[in-house]
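Because the structure is a prediction, the values reported are computed rather than measured.
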Amino acid sequence: MSEANWYVVHTYSGYENKVKVDLEKTIENRNLQDQILEVSVPMLAVTELKNGLEKQADKKMFPGYVLVKMVMNQDTWYVVRNTRGVTGFVGPGSEPTPLSEEEMEALGFQEMAEPDLVVDFEVGDMITVTAGAWKDTVGAIKSINEAKKSVTISVEMFGRETPVELNFNEVKKM
C-alpha cells in the first residue's frame, strides 16, 4: 500500500469547514478511513481588540484551502475532487502534489505521531514524586493510565488515603 501524504485542496472561500465536514461524512460512508486519514482546516489563535476589549479568536491560516492526509489513488482523488465546495488540488495542471515534510514543518504541522512511550512502572511499584505540589512524596502506584500519561498513587492526607494523579514526568521509580 502507498504511503499517505498531505495534499492541499482548494475550496470556495468560506466553505473550508463545510468541505471538511462533508468530506469526513463521505469518508465514513464509503469506509475510506484507511485511505483518507485526516482532514484539517488549519487555525491560528489570535487576540482581537474589539470595543476596547481583548478577545481570543481562531482565524483560518489559509482561507480557501483545506489540508488532507491521504493515500493518493483514483478512488480518493475522485472522492475529494467531487466534494461540494472543492475546486481542485494544488499542483501543476491536474496533478496533485504532496507537501514535503519540510513544508509541513514550516507550516507548523510536525507529524503528530509521538514515539511509543515505554513505561517502566507497574501497579504496586514504589515511586517518589519529583515535581509539583506533592514533591518528595513517596507512594505505591495504584493505577496507570497510558493514554493520559499518568499514574495514580495513594497518599495519606488528614488521616485518610487519598488518590493523587500525577504525570509520568513528575515521578521516578525508587
Side-chain angles (χ1 to χ4, degrees), residues 1-119 121 130-133 144-152 165-171:
M1 185 167 130
S2 299
E3 185 180 329
N5 291 304
W6 284 99
Y7 293 88
V8 180
V9 177
H10 190 262
T11 68
Y12 294 124
S13 188
Y15 278 69
E16 301 89 352
N17 291 328
K18 178 134 181 58
V19 166
K20 179 181 192 289
V21 169
D22 289 350
L23 192 50
E24 287 172 343
K25 283 181 190 172
T26 305
I27 293 166
E28 188 175 329
N29 291 341
R30 293 187 179 206
N31 201 18
L32 293 171
Q33 294 92 335
D34 60 332
Q35 294 179 45
I36 303 176
L37 307 174
E38 190 175 344
V39 182
S40 176
V41 178
M43 302 296 269
L44 186 62
V46 294
T47 304
E48 296 178 340
L49 191 61
K50 285 189 178 179
N51 299 330
L53 298 173
E54 285 188 6
K55 180 181 164 191
Q56 291 291 335
D58 286 332
K59 252 184 138 168
K60 292 181 183 101
M61 285 176 72
F62 310 109
Y65 296 94
V66 173
L67 298 178
V68 180
K69 185 172 187 177
M70 61 188 249
V71 176
M72 182 59 73
N73 59 40
Q74 289 297 318
D75 293 336
T76 57
W77 179 89
Y78 181 84
V79 165
V80 173
R81 183 65 186 87
N82 289 293
T83 299
R84 180 173 291 158
V86 171
T87 61
F89 282 92
V90 173
S94 61
E95 186 66 31
T97 305
L99 292 173
S100 67
E101 284 185 34
E102 293 80 22
E103 290 170 319
M104 290 304 292
E105 286 177 19
L107 296 175
F109 279 84
Q110 289 78 17
E111 276 300 314
M112 302 299 176
E114 296 179 16
D116 290 337
L117 187 63
V118 178
V119 180
F121 303 130
T130 59
I144 300 173
N145 185 336
E146 289 190 31
K148 288 175 66 179
K149 298 182 174 76
S150 67
V151 295
T152 302
E165 189 173 11
L166 302 160
N167 292 327
F168 286 163
N169 61 355
E170 295 177 322
V171 298

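Nearest approach of Gly85 to Tyr15, heavy atoms of both residues: CA-CD2, 4.4 Å. Minimum heavy-atom separation, Pro98 to Tyr7: N-CE2, 3.5 Å. Between Asn31 and Gln33, the closest heavy-atom pair is OD1-OE1, 2.8 Å. For the pair Asp34 and Val71, the tightest heavy-atom approach, listed with the atom from each and the gap, is O-CG2, 4.5 Å. Of all non-hydrogen atoms in Thr11 and Thr87, the two that sit nearest each other are N-OG1, 4.1 Å.
In this structure a side-chain-to-backbone donor-acceptor pair under 3.5 Å is missing from Ser150 to Glu165.
Qualifying side chain to side chain donor-acceptor pair (under 3.5 Å) partners for Lys18, counting only residues two or more places apart in sequence or in other chains: Asp22. Scored by the side-chain contact (heavy atoms from CB on, under 4.5 Å) test, Thr97 finds Pro92 as partners (sequence neighbours excluded). Tyr65 is linked by a ring-ring contact (aromatic ring centres under 6.0 Å, His included) to His10, counting only residues two or more places apart in sequence or in another chain.
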When you look at Lys59 and Met43, which way does the side chain to side chain contact (heavy atoms under 4.5 Å, CB included) test go after all the steps?
CA-CA 5 Å; Lys59 252 184 138 168; Met43 302 296 269; over 6 Å; no
Please assess Val19 against Tyr12 for the test side chain to side chain contact (heavy atoms under 4.5 Å, CB included), listing each intermediate value before the final yes or no.
CA-CA 9 Å; Val19 166; Tyr12 294 124; over 6 Å; no
List the steps, then state whether side chain to side chain contact (heavy atoms under 4.5 Å, CB included) holds for Val80 with Leu23.
CA-CA 7 Å; Val80 173; Leu23 192 50; 4.0 Å; yes
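For the atom pair CZ (Phe89) and CE (Met70), the distance works out to 4.0 Å, reported to the nearest 0.5 Å. With values rounded to the nearest 0.5 angstrom, Phe62 atom CZ is found 9.0 Å from Leu44 atom CG. Note that the NZ atom of Lys25 and the OG1 atom of Thr83 stand 12.0 Å from one another [nearest 0.5 Å]. With values rounded to the nearest 0.5 angstrom, Glu24 atom CD is found 9.0 Å from Glu38 atom CD. Expressed to the nearest 0.5 Å, how far NZ of Lys60 lies from OG of Ser13 amounts to 7.5 Å. Going from atom OG1 of Thr152 over to atom CD1 of Ile144 covers 9.5 Å, rounded to the nearest 0.5 Å.
A 4.5 Å side-chain heavy-atom check between Leu67 and Val8 finds at least one atom pair inside the cut-off. For the pair Val79/Arg81, no side-chain contact is recorded, criterion being any heavy-atom separation below 4.5 Å from C-beta on.
Judged purely by distance below 3.5 Å, without hydrogens or angles, the side chains of Asn29 and Thr26 never pair a donor atom with an acceptor atom. Residues Asp75 and Gln35 have side chains that never bring a donor and an acceptor to within less than 3.5 angstrom of each other.
Salt-bridge annotation for Lys20 and Glu16: absent, with no side-chain N of the basic residue lying under 4.0 Å from a carboxylate O of the acidic one.
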